[in-house]
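For ligands, and for the atoms within them, numbers begin at 1 and follow the listed sequence. Each residue takes its place number in the sequence, starting with 1. Small disclaimer: the values here were computed from a predicted structure and weren't measured.
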Amino acid sequence: MDTQMQTSVGGTGARRIDVIVVGAGFAGLYATYKFREMGKVVVGVEAGGDVGGVWYWNRYPGARCDLMSVDYSYGFSPEIEQEWTWSEQFAAQPEILAYANFVADKLDLRRNYLFNTRVTRATWDDEAKLWRATTDGGEVLEAPFCVMATGPLSVPKDPDIAGIERFEGQLLRAQKWPHEPVDFKGKRVGVIGTGSTGVQIIQTLGSQAGELFVFQRTPSFTLPMRNHVLEPDYVAEMKRHYRAMREAMRNNPTGGTRPATTRPFFSLPPTQRRQVMEQAWINGGHTFLGSFADLLSNQEANDQVADFVREKIGQIVTDPKTAEALKPKGYPIFARRPCLDTEYYETYNRPNVHLVDVAADPIVEITPKGIRTEAGETELDILIFATGYDALTGALLAFDVVGRNGRTLKEKWASGPRSYLGIMLEGFPNLFAPNGPNGPAALANLITIAEHDVDWIAELIAYMDGNGLRSVEPSARVEDAWMDLVAMLAEKSLIRKANTWWVGANVKGKPQGLTMFIGGFQKYREHCAAAARDRAENLVFDRARESAAA
Ligand code: NA7
């Protein structure tokens, strides 16, 4: 760490700085840059050995972002936009990690970070108006502001299956993949999990493994990604038009450039609807969802699109029994995050790839040699968990965050996460969570949201600096109103009808419910802008001073 960042060490042994940033993913890196540009002394704390967040950890074969590279990149620096060149429409993990490194180098961000370090506890001192964060390295950081850029998908979740520790083969977790290459040649490989991660691993390992066994509990709907190399002419054009594209992204419900229509499904006659769906299938990507406006609100429209995709699965997969097992049923399409694939369904036509339908033949246990289902044991050399995350709230609840009057975040969120705009929390002054729960995170582009949220926070901090204010938190009234709005919108959406991480269903004992703002990024931005305009009404500044004056 740079010596300029070594600030005063008080009598308590704590290091006194201006802003603590937890995380060196895309939100954390931008926050560190932004606050440093404001003249603040920033220390970032990151559990990984380097920058990149989820892209640092997720090195599994086939890892790739299913948002377009142009969208899934920073918009704050025209220089970075011009200097960095994406090679594919949908970038693979190594390229995204290289991009994060490029940004960190260019902006010299590493000097602000403590790597291989975790925050173990963060406590608000209401008298001193400071957050005090303790790290597992024994360091104590004190700062008026704490930014939790801990990511919505950063706490891996193992499957709830007995016997994991007894497995004698090689056990690999997608979200903590080894840095060394893994040799799959001639090996019997098992994969548990068929969400976005599992789909990417399966389609990649089908041609590498000796035998690949897919233990599928819930099939995902997956649509063709149609990834391709970006031609130099297109890249040049894109670079000329970045500004206009970023503006369009800011005004798009997804925070990306994907078009969204206002056309309802049944406004078109059946033959035209079919044409639109065929075209969406050919175009690939998430364009399907934007082809009709009501796919997440009209069950009948949703059913027809789901039937269309099931029909495609039946056409691709040659073995009728396997095709049937791969067809998702019982939940609306798009209510579980749709995956984008490259020949995922085709992979099941390979003789070395075997689908084990564990909904029909449940897993009993993991044995020293492999996996035992009710029907028998499958012996494996390598077992891969692609079993998801304790998403949205997991990282913030993984350590003690103690707010005003000693109330912990675990207590505040005992019945589910509550926040204001997904950024601030009543009772937790000067604590900010870009991409936090109850915001649009996970339903829109996380980099666009992160940049927006960090800018919003920075503006608030600048306002406080300019007005001699030391602490801020939302009033209980505005937080309740925001939560009512989030719940009211969620109630209208088909998303809550599937058991997914979106609703907390994948973690035993977790409060269930859709805790994301589903009104779209553009509307979210409008809410945030309005909140900033009416700051005095919505936010409580310097509570202590107020009560002293009373
Ligand atoms: P997901 O989407 O949460 O998928 C996890 C998968 O693991 C899912 O298919 C689960 O089946 C499966 N799973 C979990 N536990 C078990 C057990 N015990 N037995 C069988 N199968 C199990 O995580 P991903 O990492 O794929 O994707 C997360 C996000 O990252 C994704 O949405 C993108 O936004 C990027 P289940 O559905 O619970 O039956």
Novice: Can you tell whether the side chains of K327 and E324 come within less than 4.0 Å, N to carboxylate O?
Specialist: yes
Novice: I'd like to check which ligand 1 atoms, numbered from 1 as shown, lie under 4.0 Å from a non-hydrogen atom of S196.
Specialist: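 Every atom of ligand 1 under 4.0 Å from some heavy atom of S196: 26 (O), 31 (C), 32 (O), 33 (C).
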Novice: Counting heavy atoms only, which of F385, W501, W502 is nearest atom 28 (C) of ligand 1?
Specialist: W501
Novice: Does only the side chain of T500 get under 4.0 Å from ligand 1, or the backbone, or both, or neither? Count heavy atoms.
Specialist: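 Answer for T500: neither.
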Novice: For atom 4 (O) of ligand 1, find the nearest protein heavy atom and state the residue, atom name and distance (0.1 Å precision).
Specialist: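 Atom 4 (O) of ligand 1 sits closest to the protein heavy atom G195 CA, 3.7 Å.
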Novice: Applying the side-chain contact (heavy atoms from CB on, under 4.5 Å) test to Q216, which of L326, V356, V358 qualifies?
Specialist: L326
Novice: Please confirm whether the ring centroid of W86 lies under 6.0 Å from the ring centroid of Y99.
Specialist: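 For W86 and Y99, the ring centres are under 6.0 Å apart.
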Novice: Does ligand 1 have a heavy atom under 4.0 Å from the side chain of F215, from its backbone, from both, or from neither?
Specialist: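 For F215, no heavy atom sits under 4.0 Å from ligand 1.
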Novice: Is it the case that ligand 1 has an N or O less than 3.5 angstrom from some N or O of R336?
Specialist: yes
Novice: Side chain, backbone, both or neither: which part of L153 comes within less than 4.0 Å of ligand 1 when only heavy atoms are counted?
Specialist: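 Under 4.0 Å from ligand 1, L153 contributes side-chain atoms alone.
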Novice: Tell me whether R188 is salt-bridged to E379, with the criterion being a basic N under 4.0 Å from an acidic carboxylate O.
Specialist: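 A salt bridge links R188 with E379.
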Novice: Once the angle between the rings of F288 and F308 is folded into 0 to 90°, is it parallel (under 30°), tilted (30 to 60°) or perpendicular (over 60°)?
Specialist: tilted
Novice: One thing to verify: whether E451 and R246 come together as a salt bridge, which I'm taking to mean a side-chain N less than 4.0 angstrom from a carboxylate O.
Specialist: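 No, no charged N to carboxylate O under 4.0 Å.
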Novice: Taking W281's backbone N and O only, do any of them form a donor-acceptor pair with R226's side chain (distance below 3.5 Å, no angle check)?
Specialist: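 Side chain of R226 to backbone of W281, a donor-acceptor pair under 3.5 Å: yes, one is there.
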Novice: To the nearest 0.1 Å, how far is atom 14 (C) of ligand 1 from its closest protein heavy atom, and which atom is that?
Specialist: T387 CG2, 3.6 Å
Novice: Can you tell which of R217, R337, Q216 gets a heavy atom nearest to atom 11 (O) of ligand 1?
Specialist: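 Result: the heavy atom closest to atom 11 (O) of ligand 1 is in R217.
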Novice: Can R59 be said to sit on top of Y56's aromatic six-ring, NZ or CZ under 6.0 Å from centre and within 45° of the ring axis?
Specialist: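 Because its charged atom sits under 6.0 Å from the ring centre and within 45° of the axis, R59 does stack over Y56.
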Novice: Out of all atoms in ligand 1, which are within 4.0 Å of some heavy atom of G193? Include the element for each.
Specialist: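 Near G193, the atoms of ligand 1 are 6 (C), 7 (O), 9 (O), 12 (C).
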Novice: Could you tell me, atom by atom, which parts of ligand 1 come under 4.0 Å of a heavy atom of T197?
Specialist: 24 (P), 25 (O), 26 (O), 27 (O)
Novice: When you check the gap from the basic side-chain N to the acidic O, do D66 and R337 get nearer than 4.0 Å?
Specialist: yes
Novice: Any idea which atoms of ligand 1 are less than 4.0 Å away from a heavy-atom of I161?
Specialist: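 Contacts of ligand 1 toward I161, numbered from 1: 18 (N).
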Novice: What's the shortest distance from atom 39 (O) of ligand 1 to any protein heavy atom, and which residue and atom give it?
Specialist: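 It is T218 OG1, 2.5 Å.
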Novice: With respect to atom 6 (C) of ligand 1, which of G388, G198, P159, A386 exhibits the smallest heavy-atom separation?
Specialist: A386
Novice: Pairs of nitrogen or oxygen atoms closer than 3.5 Å, one from N506 and one from ligand 1: do any exist?
Specialist: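 Not met; the criterion fails.
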Novice: For atom 21 (N) of ligand 1, state which one of I192, N58, D158 supplies the nearest heavy atom.
Specialist: I192
Novice: Do you see a donor-acceptor pair shorter than 3.5 Å between the side chains of E88 and H228?
Specialist: no
